[in-house]
Every structure is written in C-alpha cells, then in structure tokens.
There are 2 protein chains.
Amino acid sequence: MGMGRPRAFDADAALDRAMDVFWRHGYEGATIAQLTEAMSINPPSLYAAFGSKEGLLKAALDRYTEKRDAWMDRVVDAPTAHEVAERFLMEHADAQTDPANPPGCLLVQGGLACGTGSENVPFELAARRTRTEDQLRERFVRAKAEGDLGESVDPATLARYLSAVTSGMCVMASSGADREALREIAAVSLKAFEEQTKG
Amino acid sequence: MGMGRPRAFDADAALDRAMDVFWRHGYEGATIAQLTEAMSINPPSLYAAFGSKEGLLKAALDRYTEKRDAWMDRVVDAPTAHEVAERFLMEHADAQTDPANPPGCLLVQGGLACGTGSENVPFELAARRTRTEDQLRERFVRAKAEGDLGESVDPATLARYLSAVTSGMCVMASSGADREALREIAAVSLKAFEEQTKG
DNA sequence: AGATATCTGTAGTGTTCACTACAAATGTGG
DNA sequence: CCACATTTGTAGTGAACACTACAGATATCT
C-alpha cells in the first residue's frame, strides 16, 4: 500500500510565517486568508496539517517556545544572578525591537483578552510566559544555594519582577517605543534588582 | 417643531457596561450582541448614540480616561516624587485586582494588536496610556525644579519606567496574578525608583 | 505498472459578524 | 391636540469569517 502524496511545503517555514501574522494582528485579528497567503498554502493544507486556527496557533507557539527555550538556556548560563538579570532584560529590549519581527512579543501581542470561543488562547499564552518566569526562578534558587544571592532574597519575587518588567516592555514596544527607550527601562530595572539582592 | 422622542437609557451607565465587555474580551473579541445585551439596549440605539463599534469604544475610553484623570490628579498631588511613585504603583496593584472590574487595565486588555480594519484601536489605547506617562513626567519635572529630585535624574526615564512596570502588572493580572503578587512587584519597583533618584 | 494513501487547488458551506430599513412609539413646541 | 423630530424594537442586510467537499495530482509499496 502507498504512503500518499508528500507534503509540498515546509511546515516549520510555514509556522514562521504564521507566527508573524499572529504576532502582528493577534490571534483574533489574524484571518485564515491572511495566514494561508503568508504561508503560501491553501486552507485545506492548513487544516490537514494543524487541525484548526487554534491548532495552528499552538503549533506556532511550540515553535516560538522552542527558540525561546534555547535563548533562555543561554541567559541562565550567565555566571551570576546579576548577569542573568542583565542579559534577560537587555536582550529582551533588543529582541522586542528587532526589525526582523513585529514589535513586542508574540506571547503578549497574541491576545490577553479574547472573545467567547477563544477563551483558551490567553491561557495558552500565559502558560508560556509563566514558563519563562519559572526558568528564572529556578536559576535564582540555584544562585541562592550557591551563595550568589543573600538568604533573605525571594527567588520567586525576583523572577516575577523581571517577568513583569519585560511584559511591560512588550506593551511599550507594541506602541512604538524604540530600542533606546526599552534599554533605559531595563537599566532602571537592573538597579532594582541589585538593590533587592542586597536585602 | 418637536424635539423628538427622548433617549430611554442612561448613556454613561451604558458606557460602563460596554467598558466591562471590552475589558473582558478585548475590542475584537467583544461582539455587538454582547455589548447590546450588557447595555440593555438594541443595536439601533447603540448606533444612533455612538455611530459604530469603534465609536462606542472611544466613548467608553473617554469615560475611562475621565475617571483615570481624576485618580491621577490625586496621585500627583502627593507631596514628594517618591510618594507619587508609591501611590501610583500600589494603587495600580489594587485597581488591577479590584473584583469590581475585570483583571488588568482596559488600556492594555483592550487590544495591543488588532486585525485589518481596526488598526486604529491599538493606537487609541496607546495614546491614553501615554497620557498617564506624560502626567507622571510632568510631575517629576516639577519635583526636579523643587529640588525634590536630583539634577542628574531624568523625569522622562522615571515616568517611562513606572509606566512599563504598571503595564507589565496588567499582563500579570490578566493571567491571574493576585493582589499580593502585584504589590510585591510594586515594592521592588519602588526600590528601583529610590535608587534612581539618588543618582 | 497498478493499487493505495495522502496532499493540493477550486470552489464552495453554514454561521456569525457589524450594521441598518422600517414602522410603531414617545416625547417637544406651537 | 397636532405636526414634527428623534428613539425604539423587529427583523433583517450583505460581507467576512472559519472551515470543508470533492476531484485531480503525486507520491509509495507491492
């Protein structure tokens, strides 16, 4: 028995194109017509490969998270908690203003509030944001164990703070803040981090 | 000549109900059916009073901004820049977790990225966020003139930082962060503010 | 080469969307 | 009380939406 006609498009490349559309217009603002055109495929190919619009988003998010995890691995590899925070903040400032992508971050632009029937989408995005926060917290727990952070420091608070600042930077980037502006925010935040780690 | 049948609903009360729907579902996620039901009116009344869905949003935002301005007036009335920052951050933490409203802030939940034809909505929201940032900056300019802030301090940077943090708190609130979590973020941010104002 | 399994492109499907035509209702001004 | 201006509720409008039926194309496996 045969194995069927092979797929004529590269799924990962198509997901990158879909990612861009979701990023630019949000989940609800992105239409199947825009997605299929960007992916250079027809609707039946999209549905055969990803099941639904939400399935496509999840696949795009998986790919996004993959890249982000690789990046986070490099970030938490920094020798000290302070350098972890510095890299995290500064590289976020750069990433969110990278002209190769829409401004901000897909996990925020994708949609914080959605209509009836898409309630799952904000959850899905939030879960992926939380993942980054978890990775930071675990790194700070380690830093504490290594004596790199003081005994009275709460790794969860530090991680949550950094996560909040970068989310805020997303919002600013989406409304046109430039790289320099985001770096200033990052710099001030880093001061807070230093101050916090003294406690 | 007569003046026509009077309106049977209170426009401001209706706007408050519409605000809630936009807040909860975002601009694109909110449907006219949901809006009219929440406002307890029929579509023709909505369109006669506000012109379009986007017109309704703008009217709701005007009302939102009105309340927010009154609140900001009280915030910037604090005697010192430090107290301004403290009130701004802490009251934001409380407001974004006020059970009387959906979590977060309408100016962020409303929609950071929208579909073709609604490109104006993110701009409209961003303009209102910028307004708050401007009010903060002006207050810090005054603080500097009064000697309350050092010569080397940049009011614009401070204002932008506080604005970013509260936007980030919105994102966290929208994904379920509770009041205590937001207050911790606010507390850390305040440390950064103090540190910054020493420079 | 033939049978089979999957993909592809065309051309739709029903549903939901924002929005409105229209006639009845209800107020004001003369 | 009458002419008029505006609102209200009913019942839709065309357009755009996510999604799919179907037939032809293209691969694999025997």
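Per chain, numbering begins at 1; letters A, B, ... match sequence-line order. Heavy atoms only: backbone and side chains are in, while hydrogens, waters and symmetry mates are out.
- The residue among Arg7(B) and Pro6(A) whose nearest nucleotide of DNA chain D is located toward the 5' end is Arg7(B).
- Within the 4.0 angstrom heavy-atom criterion, only backbone atoms of the sugar-phosphate kind lie near Phe9(B); the bases stay farther away.
- If you measure from atom CD of Glu28(B) to atom P of dC17(D), you get 10 Å, rounded to the nearest angstrom.
- The CE atom of Met39(A) sits 13 Å away from the P atom of dC19(D) (whole-angstrom rounding).
- When each of Ala48(A) and Ala30(B) is assigned the nucleotide of DNA chain C with its nearest heavy atom, Ala48(A) is the one assigned upstream, toward the 5' end.
- Judged by distance alone, the side chains of Thr65(B) and Arg131(B) never bring a donor and an acceptor atom under 3.5 Å apart.
- Counting to the nearest Å, the P atom of dA18(D) and the CG atom of Leu57(A) are 13 Å from each other.
- The side chain of Tyr47(B) contributes no N or O atom lying less than 4.0 Å from OP1 or OP2 of dT20(C).
- Judged by distance alone, the side chains of Glu83(B) and Thr80(B) do bring a donor and an acceptor atom under 3.5 Å apart.
- Rounded to whole Å, atom P of dT10(C) lies 14 Å from atom CD of Glu37(A).
- When all heavy atoms of Lys53(B) and Phe22(B) are compared, the pair lying nearest together is O-CZ, 4.1 Å.
- Put simply, Ser45(B) has no side-chain N or O that comes within less than 4.0 Å of OP1 or OP2 on dT7(D).
- Taking a cutoff of 4.0 Å between a charged side-chain nitrogen and a carboxylate oxygen, Asp148(A) and Arg142(A) do not qualify as a salt bridge.
- Place Ser52(B) and Arg5(B) on DNA chain C by their nearest nucleotides, and Ser52(B) ends up nearer the 5' end.
- Rounded to an integer number of Å, the gap from CG of Leu35(B) to P of dT16(C) is 17 Å.
- At whole-Å resolution of the value, CZ in Phe50(B) and P in dT8(D) are 11 Å apart.
- Gln34(A) and Thr116(B) are linked by a side-chain donor-acceptor pair at a separation below 3.5 angstrom, with hydrogens and angles left out of the test.
- Counting non-hydrogen atoms under 4.0 angstrom, Pro43(A) reaches a base of the nucleic acid.
- Base contact: Pro44(A) has a heavy atom under 4.0 Å from a base atom.
- Nucleotide dG12(D) holds its C1' atom 13 Å from the CG atom of Asn42(B), rounded to whole Å.
- One can place CD1 of Ile32(A) at 19 Å from P of dG14(C), the figure rounded to the nearest angstrom.
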